[in-house]
Amino acid sequence: MCTGKCARFVGLSLIPLSLVCIVANALLLVPNGQTTWTKDRLSLQVWLMAGFIGGGLMVLCPAISAVRAGGKGCCGAGCCGNRCRMLRSFFCSAFGMLGAIYCLSVSGAGLRIGPQCLMDGSWAYHFQQTAGSYLLNRTQWSLCVEPPGVVYWNVTLFSLLVAASCLEILLCGVQLVNASIGVFCGDCRKKEVAPH
């Protein structure tokens with residue numbers, strides 16, 4: 001596969017993943033679709049906006065850059081074309097990988113610690129001491145009285161963010177290698193001959 005075609009494929013794959021992260025983070029702000037607890041009862045990991053900033057906006061930048069690198073550069077097509085765009089795509093992909101790693105770290109911590117909820121009359125991170133074992137014991141989930149269904153809500157959305165950010169890390173890594181090859185070797189596409 002040519003470096004240009006590979007860059008375009010990676011970019012077009014990263015765009016929906018970044019949008020999934022943005023939407024998942026937005027949904028985390030409204031547990032069970034309600035805004036009642038938004039002010040001071042959400043987990044720290046929700047407020048860190050890892051899906052919106054890291055997996056979303058920081059990955060959207062390399063996605064667009066990779067799509068653009070897949071087009072014809074200012075030098076045209078052929079072995080010397082597109083090197084400038086590939087170089088920019090390389091740096092953008094490194095930036096995107098940092099964003100995806102941030103999203104993965106915060107989302108993983110959100111899963112391990114669990115949500116802040118009302119249990120036994122007190123608001124706290126009641127699952128923090130379980131080191132993530134509460135994920136396998138669904139009977140504990142119903143012990144959180146408020147927000148209703150918050151454990152299921154957080155587990156589903158943070159798991160989605162973890163999966164999406166893992167794919168983003170993989171794709172940004174592929175684009176880092178692809179862009180490096182593109183910078184040094186150019187694009188393998190044939191130069192189009194203009195009709196006479």
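Note that the structure is a prediction, hence the values are computed from the model and not measured.
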Participant: I'd like to check Leu17 versus Val59 (side-chain heavy atoms, cut-off strictly below 4.5 Å). Are they in contact?
Facilitator: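 Not in contact.
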Participant: So which atom in Val162 and which in Gly108 form the shortest heavy-atom distance, rounded to 0.1 Å?
Facilitator: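 Distance-wise, the nearest heavy atoms are CG2-N, 3.9 Å.
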Participant: Just by distance, do the side chain of Ser107 and the backbone of Leu104 share a donor-acceptor pair under 3.5 Å?
Facilitator: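 Not a single qualifying donor-acceptor pair exists.
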Participant: Between Ser89 (side chain only) and Arg85 (backbone N and O only), is there a donor and an acceptor less than 3.5 Å apart?
Facilitator: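 No, because the side chain of Ser89 does not come within donor-acceptor range (under 3.5 Å) of the backbone of Arg85.
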Participant: Spell out, as yes or no, whether a donor-acceptor pair under 3.5 Å connects the side chain of Trp123 to the backbone of Glu146.
Facilitator: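 Between the backbone of Glu146 and the side chain of Trp123 there is no qualifying donor-acceptor contact (under 3.5 Å).
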Participant: Taking the side chain as every heavy atom from C-beta outward, state whether Val46 and Phe158 have any atom pair closer than 4.5 Å.
Facilitator: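 In short, these two side chains touch, coming nearer than 4.5 Å.
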Participant: Side chains of Asn178 and Val10: closer than 4.5 Å at any heavy-atom pair?
Facilitator: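 Result no, sub-4.5 Å side-chain heavy-atom pair not found.
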Participant: Indicate the atoms forming the closest heavy-atom contact of Cys144 with Val150, along with that distance.
Facilitator: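 In this case the closest contact between Cys144 and Val150 is CB-CG1, 4.3 Å.
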Participant: Quick one, Leu44 and Ile113 - any side-chain contact, counting heavy atoms below 4.5 Å?
Facilitator: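 No. Closest side-chain heavy atoms not under 4.5 Å.
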Participant: Indicate, with yes or no, if Val67 and Val20 share a hydrophobic cluster defined by side-chain heavy-atom contacts under 4.5 Å among Ile, Leu, Val, Met, Phe, Trp and Tyr.
Facilitator: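 Not linked; separate clusters.
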Participant: Check the angle between the aromatic planes of Trp141 and Tyr152 and answer parallel, tilted or perpendicular using the 30° and 60° thresholds.
Facilitator: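 Ring orientation, 0 to 90° scale: tilted.
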Participant: Verify, without hydrogens or angle tests, whether His126 (side chain) and Cys117 (backbone) share a donor-acceptor contact under 3.5 angstrom.
Facilitator: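 At least one qualifying donor-acceptor pair exists.
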Participant: How close do Ala94 and Leu176 get, heavy atom to heavy atom, and via which atoms?
Facilitator: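 Distance-wise, the nearest heavy atoms are N-CD2, 3.7 Å.
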Participant: Distance-only, no hydrogens or angles: does the Ser65 side chain make a donor-acceptor pair with backbone N or O of Cys61 under 3.5 Å?
Facilitator: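 Pair absent, no side-chain N/O of Ser65 close to backbone of Cys61.
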Participant: Is the backbone N or O of Leu42 less than 3.5 Å from a side-chain atom of Gln116, with the two atoms forming a donor-acceptor pair by type?
Facilitator: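 Between the backbone of Leu42 and the side chain of Gln116 there is a qualifying donor-acceptor contact (under 3.5 Å).
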Participant: What distance separates Ser180 OG from Gln175 CD, expressed to the nearest 0.5 Å?
Facilitator: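 Here the interatomic distance stands at 9.0 Å.
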Participant: Let me confirm one number: the CE-OG distance from Met119 to Ser142, rounded to the nearest 0.5 Å.
Facilitator: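 The CE atom of Met119 sits 8.5 Å away from the OG atom of Ser142.
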Participant: In the structure I gave you, are the side-chain heavy atoms of Cys172 and Phe95 within less than 4.5 Å of one another anywhere?
Facilitator: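 Answer no - side chains too far apart.
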Participant: Measuring from Cys92:SG to Ile64:CD1, what's the distance to the nearest 0.5 Å?
Facilitator: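 The SG atom of Cys92 sits 9.5 Å away from the CD1 atom of Ile64.
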Participant: Going from CG on Leu14 to CD on Glu168, what distance comes out if it is rounded to the nearest 0.5 angstrom?
Facilitator: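 Separation between the atoms: 6.5 Å.
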Participant: So which atom in Leu27 and which in Leu157 form the shortest heavy-atom distance, rounded to 0.1 Å?
Facilitator: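 Scanning both residues completely, I find the closest heavy atoms to be CB-CD1, 3.6 Å.
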Participant: Out of curiosity, does Trp153 fall in the hydrophobic cluster containing Ile22 (side-chain heavy atoms, cut-off under 4.5 Å, transitive links)?
Facilitator: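 Yes, one cluster joins them.
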Participant: Give a yes or no on whether Met97 and Leu57 share a hydrophobic cluster (residues Ile, Leu, Val, Met, Phe, Trp, Tyr; joining criterion: side-chain heavy atoms under 4.5 Å apart).
Facilitator: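 Shared cluster, yes.
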Participant: Transitively linked via ILVMFWY side-chain contacts under 4.5 Å: Val145 with Val151?
Facilitator: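 No; tracing contacts between hydrophobic side chains, which count when under 4.5 Å, never links both residues.
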Participant: Do Val155 and Val23 share a hydrophobic cluster (ILVMFWY, side-chain heavy atoms under 4.5 Å, transitive)?
Facilitator: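 Result: yes, single cluster for both.
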Participant: Between CG of Leu171 and CG of Leu12, what distance do you get to the nearest 0.5 Å?
Facilitator: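 One gets 11.0 Å once the value is rounded to the nearest 0.5 Å.
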Participant: Are the side chains of Phe52 and Leu28 in contact, using a 4.5 Å heavy-atom criterion?
Facilitator: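 They are not in contact (no side-chain heavy atoms under 4.5 Å apart), so the answer is no.
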Participant: For Thr139 and Asn137, does a side-chain donor sit closer than 3.5 Å to a side-chain acceptor?
Facilitator: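 A pair is found: one side chain offers a donor N or O, the other an acceptor, under 3.5 Å apart.
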Participant: Nearest 0.5 Å, what's the CG-CG distance between Leu143 and Leu118?
Facilitator: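 Interatomic distance, Leu143 CG to Leu118 CG, rounded to 0.5 Å: 11.5 Å.
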Participant: Grab the two heavy atoms, one from Ser165 and one from Ala100, that are nearest each other, plus how far apart they are.
Facilitator: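 Smallest interatomic distance, heavy atoms only, reads CB-O, 3.5 Å.
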Participant: Report yes if the side chains of Trp47 and Leu29 come closer than 4.5 Å at any heavy-atom pair, otherwise no.
Facilitator: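 SC-SC contact between Trp47 and Leu29 confirmed.
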Participant: Which atoms form the tightest heavy-atom contact between Ala50 and Asn25, and what is the distance?
Facilitator: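 Closest heavy-atom pair between Ala50 and Asn25: N-OD1, 3.4 Å.
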